[in-house]
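Letters A, B, ... are given to chains in the order of the sequence lines, protein chains preceding strands, and every chain is numbered from 1. Because the structure is predicted, anything quoted here is derived from the model rather than measured. Below, all heavy atoms of this structure are taken into account, side chains as well, without hydrogens, waters or symmetry copies.
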Amino acid sequence: MPRLDFDQALNAEQLPAVTHGDGPQLILAGAGSGKTRVITYRVAWLVQEHGVDPSRIAAVTFTNKAAGEMKDRIEELLGLYPLPAFVGTFHRFALRLLRAYGPRIDLSRDFVILDGSDQLSLIKKAMQATEMSTDAYRPRAVLSAISSAKNRLLDPAQFAARADDFFSQTVVAPVYRRYQALMRAAGGVDFDDMIMLTVKLLRRDKELKQRIRDRHRYLLVDEFQDTNHAQLMLIHQVSANPEVGGNLTAVGDEDQGIYRWRGAELDNILEFERSFPGATIRKLERNYRSTQNILDASGAVVANNVHRRGKRLWTDAGEGEKLRLYKARDEVDEARWVNNLLQSLAGDHRHSEMAVLVRTNAQTRAFEDRFLRQGVPYQLVGGVRFYERAEIKDLMAYLRFVRNPMDNMSFERIVNRPPRGIGKKTLDGLLAMAAETGQAAWDTLSKDKLVGIPPRGAKALARFREQMTPVIEAAVELPLPTVLDRLLEATAYTEQFDEHDDEGQMRLENIDEFRSGVQEFAESHGYGSTEEDLLTAFLDHVSLASDTDSLKKRPGVTLTTFHSAKGLEFPVVIVAGLEENVLPHFNAQELPENLEEERRLLYVGMTRAEKRLILTTCSRRRIAGNYQDQEPSRFLLEIPNRLLDIETSPELFAPQRPSWNRPSPRSGGMPTEGMPSWSLPSAPTASKPVSGSDAVNSFFGRQPAKEASLPFEDPAPSLTVVPVNEPTPAARRIKRGTRVRHASLGAGRILNIEGSGEDMRLIVYFDSKGRKKLLAKYAQLEIL
DNA sequence: TCTCAATAACTTTTT
DNA sequence: GTTATTGAGA
């Protein structure tokens, strides 16, 4: 293949980083400065110019998606050369070692990886077992304390020895100990364990460590600012020559560190030279992504941080447009304005070239509603993940169980799913028996005579045993997709769902999707591995997968959080919800370190933009159902005025509400004759739709919401549903059989009405979407 | 033991 | 607005 022309392909900052010889270097790569390019070209340079065998190179990142991209681009550059020994995430790197050498630190070879919800339920169990009230202490807080202990490589004993406050000493320490015991007994390992155990393994096994170091003489680490202490130690273990810091190339940007809450230590990058003496530090400040205005604005914001080395990005792309700032009345107004803006930009940009970025997932709802209603194609990244759905987790647990029947956690999950008459009593009895003999539940069930279990339960258990035994045997030799099918057959798993029921249909679809995922995986990974290994590989694959990884370029506006937007870029970016308590987030106000992280979050969001950057802020917002007055984010003040074009919502100047909807003093805010609770606008022009809860608020005499005329509202009149105890003329029209229309679900017929007042629920059969249950208060139905 | 309805609690970000 | 948990009744 032709040699690469490195001088040609790289700029003056990139070239020395790529052609750096031996010894540690840190590359401080600003946003959009071509950092992936530097990493991939460095791999190519090492191989082609420095004579390094690719099998001695490893590249590590945080996300599967970044790793995948890196792999593709390295492959492209290297052509016929073999690929590096490893390109992947920290966790996959650790997993590979643990699967191979776990037994050297007494770890079962076929351990199970716990996901977040597994962890949480295990924490609850551990808290119960240690008689810790789950009301007094939030399991989530305990879990995050344990996680941070693991990130600092503290085992339960070390943690207990250092615990110096009440919570750590009396709550976290005992729960941590019990949590580990329960997890190991069940053959489980959590995400944090994976790193911690790998460090332990390498520290303990000197011979293995030397082999690993030989195999990874050149190590490249991306997103270095997001490494935690455990990961830094792992890097040290793997680096070839610790006395000189090894041939480590670390790439990162301290201004984009947004995982402090997960244990990331910015000091790893800020004090790199202390960790790796003699390191060369380089900066990449030339930006290829954004206009100078975008760089100046984002740079001005992040300049307020103290914890940074500091750099100044520049481009020769020109100033570009000013940033726009829209001051919205509330999140509905915000979404409407953004929607209109996107429509008006649709001439210049495809939908897929635009993104709306928010701080919290909850903020996406208002945008989703609006986009759905206006038919704007969009793509929501994040939220509920496929693999977290109950039916998928069930099937995963089944697969884990048939691979390793001693996996008690999976056993407990599936033993009565679908319901087979194995209730709490029966299960407790079995588990008690198992605990006595120190066996797994399945062992007890298949070998021992069941005692102390009610006959009905014993019978159900026996039936379960008969169902599972052939499948467990099949798992060793039959192809993975066949095993799954046998499983579904033997358990009659799908029969618990009704395909005519909306929810049931969705679950069945998910199961189908899971089946084809299994099929696909088997086809692409099947060569040369045993069926058992394939099953293990599949389970690992799913455990380490996240939704962002499979993010395909689909046509549509991207709607996502700052966190999952990292590494992406768009010609048009809208950064929404720039308010105090949103960004910076409510929970991040006290510590200056947290505040700086919030600022970095905004910086990451702003620097995603190539050509146009739009900011929005609301003067009030509904949070957990209640309206709250919002202050503009303090970070807005950090953007130089000369870079901003400000536009204010007309709704902020016209707070008049239609008189018929204003609580009248005479009626004390209660409804009177002629004040429709089911407000049906007589004509589209007179349409004054009011959001359900506002109407509810005024109805119940609460603080009236400042609802104004909605100039951008779609022409279709919408109906506000207000729950009432006394049916008003309009409310009487809502009964079984009434035809209604929903903004996104279309037309349908009311099947039934449940409850009354604020909690009135309507069962509606929609022509195209089937049965849905709606809360009348929020549904905004239109009577047909 | 299972099903359904009422209630409470929750919302920061995720490998 | 959703989702996890609890409680009552079949």
Legend entry - Distance below 4.0 Å between A:Ser147 side-chain N/O and B:dT15 OP1 or OP2: no
Inset, instruction - Taking all non-hydrogen atoms of both residues into account, name the closest pair between A:Asp253 and A:Gln225 and its distance. - result: N-OE1, 3.0 Å
Inset, instruction - Figure out the NZ/C1' separation between A:Lys65 and B:dT14, and round it to whole Å. - result: 14 Å
Inset, instruction - Using whole Å, report how far CZ of A:Arg138 lies from P of B:dA8. - result: 19 Å
Legend entry - From C:dT5, B:dT15, B:dT13, nucleotide with atom closest to A:Lys124 side chain: C:dT5
Legend entry - Criterion side-chain hydrogen bond (donor to acceptor under 3.5 Å, both in side chains) against A:Lys566, the qualifying member of A:Thr63, A:Thr561, A:Asp226: A:Asp226
Legend entry - Residues A:Glu254 and A:Gln256: side-chain donor-acceptor under 3.5 angstrom: no
Legend entry - Any pair counted as salt bridge (Lys or Arg N to Asp or Glu O under 4.0 Å), so long as it reaches residues 119-129 of chain A, sequence neighbours left out: A:Lys125-A:Glu412
Legend entry - Pair A:Arg622 + A:Asp330, salt bridge at N-O below 4.0 Å: no
Inset, instruction - Please determine, for the side chain of A:Ser564, which listed nucleotide (B:dT11, B:dT14, C:dA4) has the closest atom? - result: B:dT14
Inset, instruction - For A:Phe62, answer base if it contacts any base atom (sugar-phosphate contacts may also be present), sugar-phosphate if it contacts only those atoms, and nothing otherwise; contact means non-hydrogen atoms under 4.0 Å. - result: sugar-phosphate
Check nucleotides 7-10 of chain C for protein N or O atoms closer than 3.5 Å to its own N or O atoms and list the pairs.
none

Legend entry - A:Arg140 atom CZ: more than 12 heavy-atom contacts under 6.0 Å: no
Could you list, one pair per line, each protein nitrogen or oxygen that sits under 3.5 Å from a nitrogen or oxygen of nucleotides 1-3 of chain B, together with the distance?
residue: B:dT1; atom: OP2; partner: A:Thr426; partner atom: OG1; Å: 3.1
residue: B:dC2; atom: OP1; partner: A:Asn416; partner atom: ND2; Å: 3.3
residue: B:dC2; atom: OP1; partner: A:Gly421; partner atom: N; Å: 2.9
residue: B:dC2; atom: OP2; partner: A:Asn416; partner atom: ND2; Å: 3.3

Inset, instruction - For A:Asp193 and B:dT15, give me the distance from atom CG to atom C1', rounded to whole Å. - result: 14 Å
Legend entry - SB check A:Glu331 A:Arg365 (cutoff 4.0 Å): no
Legend entry - Salt bridge present between A:Glu593 and A:Arg260 (N-O < 4.0 angstrom): no
Inset, instruction - Specify the separation, in whole Å, of atom CG of A:Leu601 and atom P of B:dT13. - result: 11 Å
Inset, instruction - Please report, rounded to the nearest Å, how far the P atom of C:dG1 is from the CG atom of A:Asp369. - result: 6 Å
Legend entry - Nearest listed nucleotide, side chain of A:Arg365, among C:dG1, B:dT14, B:dT11: C:dG1
Legend entry - 5'-most by nearest nucleotide on DNA chain B - A:Arg140 or A:Gln119: A:Arg140
Inset, instruction - Choose from B:dT13, C:dG1, C:dA4 the nucleotide whose nearest atom is closest to any side-chain atom of A:Trp261. - result: B:dT13
Legend entry - Rounded interatomic separation in angstrom, taking CG from A:Asp226 and C1' from B:dT13: 12 Å
Legend entry - Check: A:Asp190/A:Tyr179 side-chain N/O donor and acceptor closer than 3.5 Å: yes
Inset, instruction - Determine the interplanar angle of the A:Trp261 and A:His563 rings, folded into 0 to 90°, and report it as parallel if under 30°, tilted if 30 to 60°, perpendicular if over 60°. - result: perpendicular
Inset, instruction - May I have the distance from A:Leu559 (atom CG) to B:dT13 (atom P), rounded to whole angstrom? - result: 13 Å
Inset, instruction - Mind calculating the distance between CE (A:Met194) and P (B:dT14) to the nearest angstrom? - result: 19 Å
Legend entry - Minimum-distance nucleotide to A:Thr89 side chain [options: B:dT15, B:dC10, B:dT14]: B:dT15
